Amino acid sequence: MGMYIRIADLKDYIGKQARIAGWLYHGRSAGKLLFLLVRDGSGICQCVVEKGKVHDDLFAQLDHLGQESCLEVTGLVRQEPRSPGGYELAVTGARIIAKAEGYPITPKPHGIDFLMRNRHLHLRSRIPWCIARIRHTVVDAIRRFFNDRGFTLVDTPIITTIAGEEVGSLFRLDYFGQPVALTQTGQLYLEAAAASLGRVYCFGPTFRAEKSKTRRHLTEFWMAEPEVAFINLSGLIELAEDLVCAIVERVLEDNHPELETIGADIEALARVSKPFYRLTYTQVADLLTSSKTQQFMQDQLQVLVARRSEITSRIAELEAVLAGSSKQWQRDKAAAELIELRSELADLELRIENNPKHAQLAAQFQWGKDLGGSDETIVSQMFDKPVFVTHYPRQAKAFYMRQDRSDPKVVENFDLLAPNGFGEIIGGSMREEDYELLAARMDQEGLKQEDYWWYLDLRRYGSFPHGGFGLGLERTVAWITGQRHVRQCIAFPRIMDKLYL
RNA sequence: UCCCCGAUAGCUCAAUUGGUAGAGCGAGCGGCUGUUAACCGCUAGGUUCCAGGUUCGAGACCUGGUCGGGGAGCCA
C-alpha cells in the first residue's frame with residue numbers, strides 16, 4: 001500500500017531498506033546514540049540513530065523530539081536481540097511530519113479519571129491498543145461463528161417502540177412527538193426475523209439507563225444476539241458453549257502477544273473447553289445455602305487474610321527503604337511497588353470486609369429471588385470453567401421467557417457465568433410460543449397488549465418453538481483480557497452519569 | 001437512592017499527625033555509542049478543589065458544597 005512499510009511487516013525486510021511512518025512512543029538518548037520507539041498502529045519499532053549517520057541538525061531535532069510527534073523514518077532493517085521486537089531500524093534518514101510538545105500521558109502510572117478524560121489520547125497507549133485488538137478479534141470471531149452456521153445477520157432498529165427489558169432503564173426520546181426509546185435488545189424484532197430466515201443474529205449497540213455504577217456496567221454496550229427457530233433449551237446452551245469456545249480459541253490464536261502484554265491469564269483461557277458446567281437455579285440455590293459454600297467462603301477469607309499480612313509486611317519493608325539512605329533508583333522502585341501494593345491492599349481490605357456479608361447473603365438465599373451480584377460472584381469463583389445456570393423462577397424473569405411445561409414455577413432460560421468471579425456474560429432463553437400463556441404473563445407484568453400487537457402476531461400466525469441469547473461484548477472482552485472494569489473494553493465508554501468525551 | 005474513601009506541581013504520590021509544602025516522572029538545559037519505565041547533573045513549575053469556621057498558627061481539625069473513585073440494589 002504505497003510509500004510506507006507497516007511495522008508489523010518489517011520482519012520481511014531484514015537486510016533491506018525500509019521507510020516507516022508513525023508516532024514517537026518513547027525516545028531515549030545515550031550520547032551519540034538515539035533510541036526512538038516508533039509506533040504506527042501495527043506495532044512498535046525501535047529506531048536507532050547514530051550521530052554522523054544523519055545530518056547533525058536532524059540528529060539534534062530528533063534528540064529533542066516530544067513524545068507522540070509524528071515522523072517518517074528510513075533505514076536498514078536488521079535483526080537485533082537487544083531491541084524489544086527482536087529487530088530494529090538503523091536510521092539513515094528521517095522527516096518530522098508534525099511535532100508534539102508536552103504530551104500529557106507519560107509511560108508512568110496514571111489515575112483512571114485522568115486517563116478517561118484523555119481517552120482520545122489514551123487509546124494510543126499500549127494496553128488500550130492491546131484491548132482494542134482483542135475486541136476486534138472477538139467481534140470477528142462472533143460474526144464468523146454465526147455466518148459459518150447458516151445464520152443471517154439482521155440489523156434491528158436502535159430507535160424502538162417497545163421495551164424488551166425493564167421499562168425503568170429506557171433512554172427515552174421524542175420522535176417527532178411520539179415517545180420512543182433507544183433499544184435495550186434486538187430480541188423482539190429478531191424473533192420476527194427468525195420466522196422469515198430461521199437462524200438470525202444481530203450485533204449492535206444497546207442502551208440501558210440503569211443506575212448501576214459498577215465495574216460491570218455501561219449505559220451503552222454492544223451485544224451479539226442470535227435467535228433460532230426450531231431449537232430447544234439444550235441446543236441453545238450448546239450453541240452458547242460453542243460460541244464462547246470459538247471466541248476464546250480465536251483470541252488465543254490471534255492475540256497471544258497482546259494477551260501477554262496485558263497480563264491476561266492465558267492458562268485459564270486455555271482451559272476453556274466443552275463441556276462447561278451446567279446447574280439449575282435450584283441446584284445453585286442449594287449450593288449457596290450449603291455448608292460447602294460456607295466452607296469455601298471461609299477458605300477464601302483465610303487466603304485473603306494471609307495475602308494481606310504478606311502485603312502488609314512487604315509495605316513495611318518498602319517504607320523502610322524509603323526512609324533509609326538508599327540510592328535514588330532503589331527508592332523509585334520501592335515507591336512504585338508501594339503504590340501498587342497499597343491499591344491491592346485496599347482491594348483486599350474490601351474483599352475481606354465483604355466476605356462474611358456475602359457468605360451470609362448466600363446462606364440466607366431464598367428460592368425465588370434472582371441471583372444477586374455477590375451470589376453470582378461466589379458461584380463463578382467456585383468453578384474454573386464457565387457455568388450455565390438454568391431454569392430460573394418465572395416471577396424473577398422477563399415476560400417472554402418460555403414456561404417450563406414440566407415445572408411451571410420455572411422458565412427455560414440460562415445465564416452463562418464466566419469463571420473466577422467475572423460473572424454473567426450471556427443471558428438467554430426459549431421464548432414463550434403459546435399465545436395464551438404469553439398474553440397472561442404480559443397482563444401480570446402490566447404490559448399493554450396493544451403496544452405489543454405485532455409481537456403477539458408472531459404467536460398468531462404459525463407460532464414456532466424458538467429461543468436465543470445475548471452476549472455482552474465488553475463483559476466478554478473484560479473477562480478474556482482480565483480487565484477489572486468494562487470501561488476499558490470499549491473505545492469511548494458511556495457509564496452512568498458520565499460520558500468523559 | 002444508599003454506604004465507604006479521596007481531592008496537594010502537568011502526572012503519580014509524600015509531608016514525622018496543628019508549626020518554613022517535598023520527591024519521582026514529565027518539561028527545559030547539559031553529559032554519556034546499546035538503551036529497555038535507561039542513567040547522572042542543573043533549572044523552572046504551587047490560590048494544597050471551593051466557601052465559611054476553630055486556632056497565635058490549618059494541606060491536616062469542624063460545617064456546607066463541588067468533583068472523582070469504589071461498593072450495594074438492579075442488570076449483559
Side-chain angles (χ1 to χ4, degrees), chain A residues 25-37 44 46 48-53 63-64 66-67 80-85 88 101-118 126 165-166 168-169 184-185 206-219 221-225 319 322-323 327-329 331-336 338-340 342-343 346-347 349-351 353-354 357-358 361 370-374 376 396 398 415-418 422-428 469-476 478-479 484-486 495-498 500:
Chain A
Y25 186 66
H26 198 58
R28 275 186 292 272
S29 80
K32 299 187 172 56
L33 265 185
L34 288 181
F35 298 96
L36 306 176
L37 292 182
I44 295 179
Q46 173 166 289
V48 183
V49 192
E50 279 184 59
K51 194 151 193 176
K53 296 278 175 76
D63 195 8
H64 292 96
Q67 190 186 345
E80 173 53 66
R82 287 171 294 188
S83 169
E88 66 183 16
E101 278 168 26
Y103 186 71
I105 300 177
T106 64
K108 297 282 173 182
H110 295 285
I112 187 66
D113 180 52
F114 174 79
L115 290 176
M116 282 301 166
R117 275 187 288 110
N118 289 285
R126 222 174 183 120
E165 297 286 330
E166 284 301 306
S169 64
Q184 297 167 304
T185 166
T206 46
F207 307 87
R208 300 201 184 164
E210 277 159 7
K211 300 211 160 142
S212 304
K213 218 177 98 180
T214 82
R215 69 183 69 150
R216 295 201 305 279
H217 286 87
L218 297 167
T219 53
F221 64 98
W222 283 63
M223 192 155 65
E225 298 178 273
E319 276 169 348
L322 284 183
K327 296 238 190 239
Q328 188 59 56
W329 69 269
R331 299 161 67 92
D332 288 353
K333 253 183 122 170
L338 211 49
I339 289 169
E340 230 168 87
R342 278 180 181 150
S343 93
D347 201 55
E349 297 283 10
L350 186 71
R351 291 183 64 187
E353 191 192 324
N354 282 339
K357 291 185 204 162
H358 290 172
L361 278 174
D370 207 344
L371 290 181
S374 66
E376 237 176 44
D415 281 352
L416 180 65
L417 308 182
F422 266 90
E424 185 173 356
I425 57 172
I426 292 182
F469 59 82
L471 173 138
L473 179 62
E474 289 78 15
R475 284 191 181 177
T476 303
W479 163 54
R484 233 176 105 69
H485 204 301
V486 286
I495 63 176
M496 182 199 149
D497 72 22
K498 198 164 317 127
Y500 292 117

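What you are looking at is a predicted structure, and each value in this text was computed from that prediction instead of being measured. We name chains A, B, ... by the order of the sequence lines, and we start the count at 1 in each one.
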Ring stacking, F221(A) with base of A76(B), under 5.5 Å and under 30°?
yes
base_contact_polar (C67(B) base, R117(A) side chain, donor-acceptor, <3.5 Å):
no
Heavy atoms from C-beta onward define the side chain here; which of C75(B), U35(B), G73(B) lies closest to that of R28(A)?
U35(B)
Side chain of L361(A) only, please: which of C11(B), C75(B), G73(B) is the nearest?
G73(B)
Does OP1 or OP2 of G30(B) have a side-chain N or O of H64(A) closer than 4.0 Å?
yes
Just compare U33(B), A72(B), C32(B) and give me whichever is closest to any side-chain atom of E50(A).
U33(B)
Mapping E101(A) and K32(A) to their closest nucleotides on RNA chain B, which lands nearer the 5' end?
E101(A)
Classify the glycosidic conformation of U12(B) as syn or anti, calling it syn when the angle lies within 90° of 0.
anti
By nearest-nucleotide position on RNA chain B, the 5'-leaning member of P84(A) and H110(A) is H110(A)
Looking at G34(B), A72(B), A76(B), which one has an atom nearest to any side-chain atom of R475(A)?
A76(B)
From G70(B), U35(B), A76(B), nucleotide with atom closest to H485(A) side chain
G70(B)
The side chain of Y500(A) is closest to which nucleotide in this list: A72(B), G69(B), C75(B)?
G69(B)
Can you confirm whether F207(A) sits close enough to T219(A) that some side-chain heavy atom of one is under 4.5 Å from a side-chain heavy atom of the other?
no
Looking at A209(A), is its backbone amide N or carbonyl O close enough to the side chain of Q184(A) to form a donor-acceptor pair, meaning the two atoms are under 3.5 Å apart?
no
